[in-house]
Structure formats: C-alpha cells, structure tokens
4 protein chains.
Amino acid sequence: MSTSADRDPARATGDRRPQRADARTNRERILTVAEEVFGAGGRSASTDEVARLAGVGIATVFRHFPTKAALLEAVLVRRFDRLRKQAEALADATDPGAAFFGFFGHLVTDAAGKIAIGEALMDAGGDHSPATTEASTELRQAVGVLLRNAQRAGEVREDTELPEVYALLVATSRTSTHARLDENVRDRMLTIIFDGLAPRQRNASS
Amino acid sequence: MSTSADRDPARATGDRRPQRADARTNRERILTVAEEVFGAGGRSASTDEVARLAGVGIATVFRHFPTKAALLEAVLVRRFDRLRKQAEALADATDPGAAFFGFFGHLVTDAAGKIAIGEALMDAGGDHSPATTEASTELRQAVGVLLRNAQRAGEVREDTELPEVYALLVATSRTSTHARLDENVRDRMLTIIFDGLAPRQRNASS
Amino acid sequence: MSTSADRDPARATGDRRPQRADARTNRERILTVAEEVFGAGGRSASTDEVARLAGVGIATVFRHFPTKAALLEAVLVRRFDRLRKQAEALADATDPGAAFFGFFGHLVTDAAGKIAIGEALMDAGGDHSPATTEASTELRQAVGVLLRNAQRAGEVREDTELPEVYALLVATSRTSTHARLDENVRDRMLTIIFDGLAPRQRNASS
Amino acid sequence: MSTSADRDPARATGDRRPQRADARTNRERILTVAEEVFGAGGRSASTDEVARLAGVGIATVFRHFPTKAALLEAVLVRRFDRLRKQAEALADATDPGAAFFGFFGHLVTDAAGKIAIGEALMDAGGDHSPATTEASTELRQAVGVLLRNAQRAGEVREDTELPEVYALLVATSRTSTHARLDENVRDRMLTIIFDGLAPRQRNASS
DNA sequence: AATGAATGAGAATTCATTCAT
DNA sequence: AATGAATGAATTCTCATTCAT
C-alpha cells in the first residue's frame with residue numbers, strides 16, 4: 001500500500017542526510033501557511049505573504065522550495081496524500097455505502113473549505129510535475145476503491161464509473177469552497193448527486 | 001421583462017452618441033479576445049496579451065475599459081447576458097423538461113467551454129460591480145424560471161430549489177471547462193445529476 | 001512701444017490667411033482654459049483636461065498648438081503680454097510711486113493667483129522659446145520703467161536695480177500663489193519689502 | 001584586509017555596490033540622490049532616474065520607500081530636520097541679530113540651492129503626511145525662535161511676525177534656487193528684505 | 001477645421017528569485 | 001541553515017501625439 005513512501009516530505013529537497021530539526025519545523029510551517037495562503041488567494045498570492053505569515057525570511061522559503069511552483073506542488077502533494085490516506089482508511093469499512101458517501105460529503109464540506117488550489121485537482125493539460133500527478137492519481141485510485149466497494153454493496157448504481165464520479169467530486173468541492181455555499185444549499189446539492197448515484201429503480205426512466 | 005435592454009454592449013460606455021464604426025469593432029474584438037484570454041488564463045492573464053491578440057495597442061484597451069477590472073466585468077456581463085437571453089428564449093418552450101435539461105447541458109457542454117472566468121459566477125464575497133451582480137442575478141432568475149417550469153411539468157423533483165440547482169450548474173460547467181472532460185465522461189456526469197433531479201418515485205424502496 | 005505686434009495670437013500658427021471665426025474662438029477658449037488648468041496643476045496637468053474643459057476635441061488643441069510645450073508657451077506669452085500692457089499703461093502715471101508699488105502689489109495679490117506657471121517667469125536655464133523669452137524680457141523692461149520712474153520720483157531707493165526687484169516680484173507672487181497666503185500675512189510681507197525698497201533715511205529728500 | 005575599501009559606497013562608478021552591510025548606506029544614497037533629482041526636476045522627476053543615479057535597481061528604491069510619495073516625504077523630512085537643527089543651534093547665539101539674518105541668508109544662499117521640492121514648504125492645501133507636516137512645523141518654530149530673539153535684541157522690527165517672515169524666507173530661497181540668481185543680485189535682494197525687517201526709524205515715512 | 005480613436009513610450013509598483021552576510 | 005537586501009522583468013495605467021473620418 002505504501003505507494004507514497006518515496007514522497008516523504010522531509011526528503012523532497014533531495015537531501016540525503018537528515019535535516020536539522022529546525023529546518024524540518026520550518027518546512028512544515030511553511031507548507032501549512034502556504035496551504036492557507038494559496039487556498040485563500042489562489043496561486044496568485046505572493047510568496048512573501050507565505051514567508052511573513054510563517055515567520056521566516058523569504059530566502060528560507062526558497063531554500064526549502066526552489067521555486068514558487070515547487071511550493072505549490074508540495075502543498076498539493078501534501079493535500080492529496082492526506083486525502084488519499086483518509087480514503088484508504090475507509091477502504092475496509094463495514095458499510096461501504098456510508099464510507100463512499102461519507103468521504104464524498106466530507107471532501108465537499110470540510111476539506112474543500114481550504115483549498116482553492118484545487119484548480120489543479122484534475123487539470124489535464126496542467127503543467128504538473130510527476131510528483132503531483134502521481135499523488136493525484138493515487139488519490140483518484142483510492143476514491144475508485146471506495147466507489148467500487150459501494151457498487152458491490154449495491155449502494156451505488158453499476159452503470160457509473162470513476163471518471164464522472166471524480167469529476168463530480170471535484171466540481172462540487174471546488175464550488176463549495178469558492179462560492180461559500182450555505183450549509184443547507186450544500187446539503188441539498190449533495191442530496192441531488194447522491195440520489196443520482198443511487199441504484200436505478202426497476203422502472204427507472206432509461 | 002427585458003430588464004437588461006439598457007446593458008446593450010454597444011452602449012456600455014454610457015456614450016449617448018453612436019460610436020464610430022471602427023471603435024465599435026475594436027471594442028467587440030477586444031471583448032471577444034478577452035473572453036478567450038481570461039477564459040484560458042484566469043483573471044491573472046495580462047491585458048497586454050489581450051491587446052496583442054486583438055491586434056490593437058495596449059492603450060486602446062484601456063481607452064475602452066478604463067481598468068482591467070472594468071474589462072473583466074464587461075466580459076462577464078456580456079457572457080451573463082448572452083446566457084440569460086438563451087435561457088429566456090426557452091421560457092415558453094412547449095417541453096419545459098427538455099428546455100431545462102437542454103439548457104443545463106448546453107451550458108456545461110458548449111458555452112462553458114470558454115470561460116474559466118466563471119470564477120465569479122457565484123462568488124459571494126466577490127468584489128463585483130453592481131452591473132456584474134445585476135447581470136448575474138438576472139441569469140440566475142432566468143434559470144429559475146426554467147426550473148419552475150420543469151417542476152410544474154413534473155419533470156424535476158419538487159423538493160429542490162434554485163440555489164442548489166444553480167450551484168450544480170456552476171460547478172459542473174466550471175469543471176467541465178477546466179478539466180477538459182472527455183465527452184462521454186461529461187455526459188455520464190450529467191446523467192447522474194439529471195437522474196438526481198428527476199421526480200422521486202412515489203414508492204421509493206426503503 | 002508696439003514691440004509685440006508680431007506676436008498677435010491669431011497668427012501664432014504661422015497661418016497667413018485670416019482664421020475662421022470659430023477657429024479663433026476655439027483658440028482663445030483653449031488658451032483661457034489652459035491658463036487655469038496649468039495654473040492649478042502646474043505643467044504636469046494633462047492636455048486632455050484642457051480639451052475637455054474647453055469643450056473641444058483633443059485634436060483641436062493640437063491643431064492650434066502643435067505640442068504641449070507650444071501651448072504652455074502661448075499661455076505664458078499671453079500672460080506676460082497682458083502684464084506688460086498693464087505695466088506700460090502705468091508708465092505715464094502721475095504718481096510713479098503709487099504706480100510701481102501698486103503694480104507690485106497687484107501682481108502678488110491678484111494676478112499671481114492663477115499662475116503656477118510662473119515657474120518659468122525667470123528661469124535662466126529654461127528651455128524657453130525665443131517668443132517666450134522675448135515676452136518675458138519685455139515685461140521685465142516695462143517693470144524696469146516703473147521702477148526707474150519711482151526712483152526718479154524719490155519713492156524708491158536709488159541703490160537698487162531691476163534684477164533684484166524683479167526677483168522679489170517673482171518670488172513673492174509665486175509664493176503667494178503657491179502657499180495661499182492669508183491676506184493679512186501677504187500684506188505684511190509686502191510691507192516689509194516695500195519698506196526695504198523705500199529710500200534710505202539720510203538722503204530721503206534730495 | 002583593505003578589501004573593504006573597494007566596497008566604499010562612494011565609488012558609484014565601479015558599480016561595486018556593497019550589499020548587505022550597507023543597506024543603510026543605500027538608503028542614504030537614495031535619499032541624497034533623490035534630493036538632487038527632485039530638486040532639479042520637481043516631483044515629476046522619475047523614480048527610475050533616482051535609482052539610476054544612486055546606482056541601485058528600481059526595486060531597491062521601492063524597498064526602502066514603498067511609494068514615490070514616501071520617498072518625496074522622506075526627502076522633505078530629512079531636509080526640514082537638517083535645517084531645523086541648524087536653526088536650533090543658533091538659538092543661543094550671542095548675537096541674535098547675526099544669528100537670524102545669517103540663517104536667513106544661509107538658507108537662501110546655500111541650502112536652498114538644491115531643493116525645488118520646497119514646492120511643499122508651506123503648501124497649505126498640500127497632501128502631506130503627518131510626518132512631513134510635523135517636520136515642517138518644527139522648522140518653522142525654530143525659525144520663530146530666531147526671529148523673536150532678534151526682535152528682543154532690537155535687531156528686527158517689532159511689528160512683524162513669523163508668518164510673513166517665513167513666507168519671505170520660502171519665497172526668496174525658492175526663487176534663488178529656481179532662477180539661479182547671480183550672486184550679487186541675490187545679495188541685493190536680501191539687502192532689501194533685511195532693510196525692510198530692520199527696526200523702524202522714529203521718523204519713518206509711511 | 002474639428003473630432004474621437006489609436007498608439008507607443010514611459011511611470012509607478014509588484015514579485016519571484018538571487019546574493020552576501 | 002537562515003536572513004534581509006537587491007534586482008530585473010513584468011504589469012497596470014497615463015499621456016502627448018498622430019490618424020482617419
């Protein structure tokens with residue numbers, strides 16, 4: 001399972017030796033702050049802002065992440081990995097339907113709340129690095145597992161596949177973030193999708 | 001009804017007198033190019049790019065739209081107005097269900113193809129001008145009419161309202177644009193949503 | 001002395017034929033407006049502003065004055081000529097002292113009120129055209145006449161000459177304009193200068 | 001050892017700009033250059049010019065002074081403070097008359113030589129920051145002290161007050177700067193003013 | 001002759017990135 | 001390793017001036 005062992009953040013810089021404790025701390029702090037900053041302001045937020053909020057010098061940010069793109073990438077990878085882990089943790093759930101719909105709702109409700117960076121979540125023609133692409137793919141696969149489990153349990157219609165489900169996931173979470181939907185509206189939006197994902201009635205309209 | 005008659009693009013500058021033919025042409029060209037440029041690169045695309053692709057000097061762009069924000073706004077308003085007109089044209093359709101679902105699909109399939117600017121479609125905390133807000137609101141209302149018509153015709157479930165439907169519309173069209181979804185995937189995504197919007201079975205199991 | 005006959009405004013463009021009446025009117029209006037605009041905003045005020053306030057198109061301004069510098073120059077020349085005429089009109093006054101001090105005070109009080117352009121009044125290293133220099137020189141000479149008359153009448157000390165008097169005139173009128181001096185302050189400032197210009201005690205009578 | 005001599009900031013030609021250790025030096029150099037540049041060209045001189053003459057990049061200027069207005073302000077404050085200190089140093093002079101007239105003459109002769117920025121020296125309707133206003137006020141007060149001292153010593157007429165004296169000071173120093181007055185002319189101009197400021201004779205005319 | 005449109009050359013300001021301590 | 005300073009390349013916007021009607 002540990003498909004991501006080689007993406008250990010502490011090694012992203014390519015450093016073979018263990019990093020100094022303070023460096024590691026700084027790296028984490030920068031990533032955390034960057035997630036907030038870019039989440040709020042999009043990729044056009046400034047690196048200076050990140051440095052300032054992280055309480056480090058601008059040069060320190062660039063020491064850890066050689067370019068702004070690398071920083072953005074690291075943020076994305078971190079986020080994807082986190083979500084993937086959550087999805088993987090649900091892979092063996094006793095109630096696959098609850099697991100799938102729960103994860104879907106969680107992504108839209110909570111998690112998405114932070115990340116306007118999701119701009120990149122699917123981006124086909126994107127300029128993403130292998131690392132980002134890999135993390136993204138792994139997340140997608142983890143969601144695929146949940147989907148298939150739910151389908152096997154008869155909780156999700158059989159005639160649907162991962163691409164469209166993933167697209168819906170991305171679409172709703174991004175919009176939820178961006179448009180700051182009212183809680184009730186968001187729930188009703190999910191209801192529609194979840195109903196649409198439910199197994200078809202015998203007399204369903206084609 | 002046509003509350004937007006006074007937003008005729010040709011008059012957006014507030015000029016009473018008819019513009020010179022060449023000026024009008026330029027204005028249109030700039031708007032068209034801007035829709036593409038900002039559609040592709042988001043609001044962070046440069047005004048220079050717009051000028052260059054439109055084949056005019058940078059100052060000409062600023063003559064027509066005094067700030068970059070004004071240009072973006074004009075693009076948005078134009079787009080909203082166009083979509084609204086299409087929606088309004090369907091308000092009296094003989095088949096309200098086809099009208100509603102057709103418009104939904106159209107937006108996601110065609111129209112959205114150009115506009116990543118949809119960033120602003122719902123933006124609650126946005127910094128939008130009254131004109132933009134108005135155009136946006138009118139589009140929303142036009143969609144609302146289609147929705148109610150379809151509900152009255154029994155083609156859309158009764159327990160759903162405009163906000164969530166509109167959110168879905170925005171979500172899917174933006175993602176469709178951004179992620180360059182495969183045609184089939186997009187259709188299956190729409191199928192899920194449309195099924196979710198279908199009237200609930202009277203005897204829904206469990 | 002009609003030394004300025006060849007600076008007839010109507011001919012400044014070099015046009016041999018009589019101008020159309022409306023052209024002449026426009027020219028005057030532009031000059032008048034320009035005097036205000038540049039008086040208020042300095043030479044950095046925009047030509048567009050002048051055109052707008054004059055109610056003509058920008059191209060019309062440039063038709064009359066080929067460059068902004070030419071417009072500024074024309075304003076200056078016009079102003080200098082006007083002041084010179086006023087000075088010349090006082091050359092034969094029955095009370096040379098009153099004439100001199102009156103003109104001095106008038107320049108500082110009224111006239112200066114409009115012209116921040118006076119930046120150029122003396123400018124030695126200035127980039128002024130022959131026409132401007134000529135007009136400036138003539139004004140200076142006219143003031144020189146008033147000064148000498150007043151000296152001959154025993155109203156102004158003999159050991160002073162035009163350069164310093166003119167410098168004081170310029171200094172006070174510019175400052176009066178720029179600093180928007182209180183009326184009383186301005187008067188007391190003039191009192192100091194006028195007292196300083198008064199004939200020295202020993203040879204007071206003579 | 002003596003390698004630091006090569007990094008002497010005074011060597012602008014070699015472009016051997018020291019970097020870290022002399023941020024302060026850079027700041028000073030920028031201010032000094034700005035005083036000259038704005039002194040010569042007024043506030044409309046470009047920041048690029050300042051950067052170029054200071055031998056630094058344009059961004060460095062903006063790092064030290066976030067806006068052009070801030071730079072102008074810093075220049076003004078610095079200048080005001082310097083003059084104020086000079087005035088204050090004369091507050092306890094044994095010869096108050098010499099102190100006052102000396103300072104007046106000094107301002108007009110030397111110091112003013114650089115600063116057309118004095119545009120702002122009195123500016124009532126100016127858009128000056130509190131810092132500038134404060135520095136200006138303090139300078140004015142310091143001059144006020146010199147004036148009162150001289151009046152108490154019987155060297156300056158009693159019926160005059162700071163506002164008009166200050167106005168004269170500003171007027172003459174600005175004109176002296178701007179018009180590049182000949183030395184003799186400037187001295188005779190001062191003579192007139194100083195005579196006007198002298199205590200009135202018992203049998204004064206008026 | 002008059003006009004509005006068009007334009008390129010700046011000008012101020014920002015930002016990712018590099019340098020020197 | 002960390003930092004603040006420095007920097008040039010954009011980017012938005014302005015303005016004097018020319019063009020076409």
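Every chain is numbered from 1 and lettered A, B, ... according to where its sequence line falls, protein lines coming before strand lines. Computed from a predicted model, the values in this text were never measured in an experiment.
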Partners meeting side-chain contact (heavy atoms from CB on, under 4.5 Å) with A:Ala69 (sequence neighbours left out): A:Thr67
Stretch residues 52-61 of chain C: residues that reach within less than 4.0 Å of DNA chain F through a heavy atom: C:Ile58, C:Ala59
Nearest to side-chain heavy atoms of C:Lys68, which nucleotide of F:dA16, E:dA16, E:dA12: F:dA16
Which residues share a side chain to side chain donor-acceptor pair (under 3.5 Å) with D:Ser46, sequence neighbours left out: none
Base-paired stems that DNA chain E participates in, counting runs of 3 or more Watson-Crick or G-U pairs under 3.5 Å: E:2-21 with F:2-21
Below 4.0 Å: OP1/OP2 of F:dA2 and any side-chain N or O of A:His64: yes
Let me have the donor-acceptor pairs involving side chains of residues 53-61 of chain B, under 3.5 Å, with sequence neighbours excluded, atom names and distances please.
none

Test item: C:Leu76 and C:Leu72 side chains (from C-beta on) under 4.5 Å apart, heavy atoms: no
Which residue lies more 5' along DNA chain E, comparing A:Asp48 with D:Thr67 via nearest heavy atoms: D:Thr67
D:Thr47 vs E:dA12: side-chain N/O to OP1/OP2 distance below 4.0 Å: yes
Selection residues 45-63 of chain D - residue pairs positive for salt bridge (charged side-chain N to carboxylate O under 4.0 Å, His left out), sequence neighbours left out: D:Glu49-D:Arg52
C:Asn26 vs E:dA2: side-chain N/O to OP1/OP2 distance below 4.0 Å: yes
Close side-chain approach of C:Ile30 and C:Phe65, heavy atoms under 4.5 Å: yes
Touch class at under 4.0 angstrom, heavy-atom based, for B:Ala45 against every strand present: sugar-phosphate
Among E:dA6, E:dA1, F:dA1, the nucleotide that comes nearest once only the side chain of A:Arg63 is considered: F:dA1
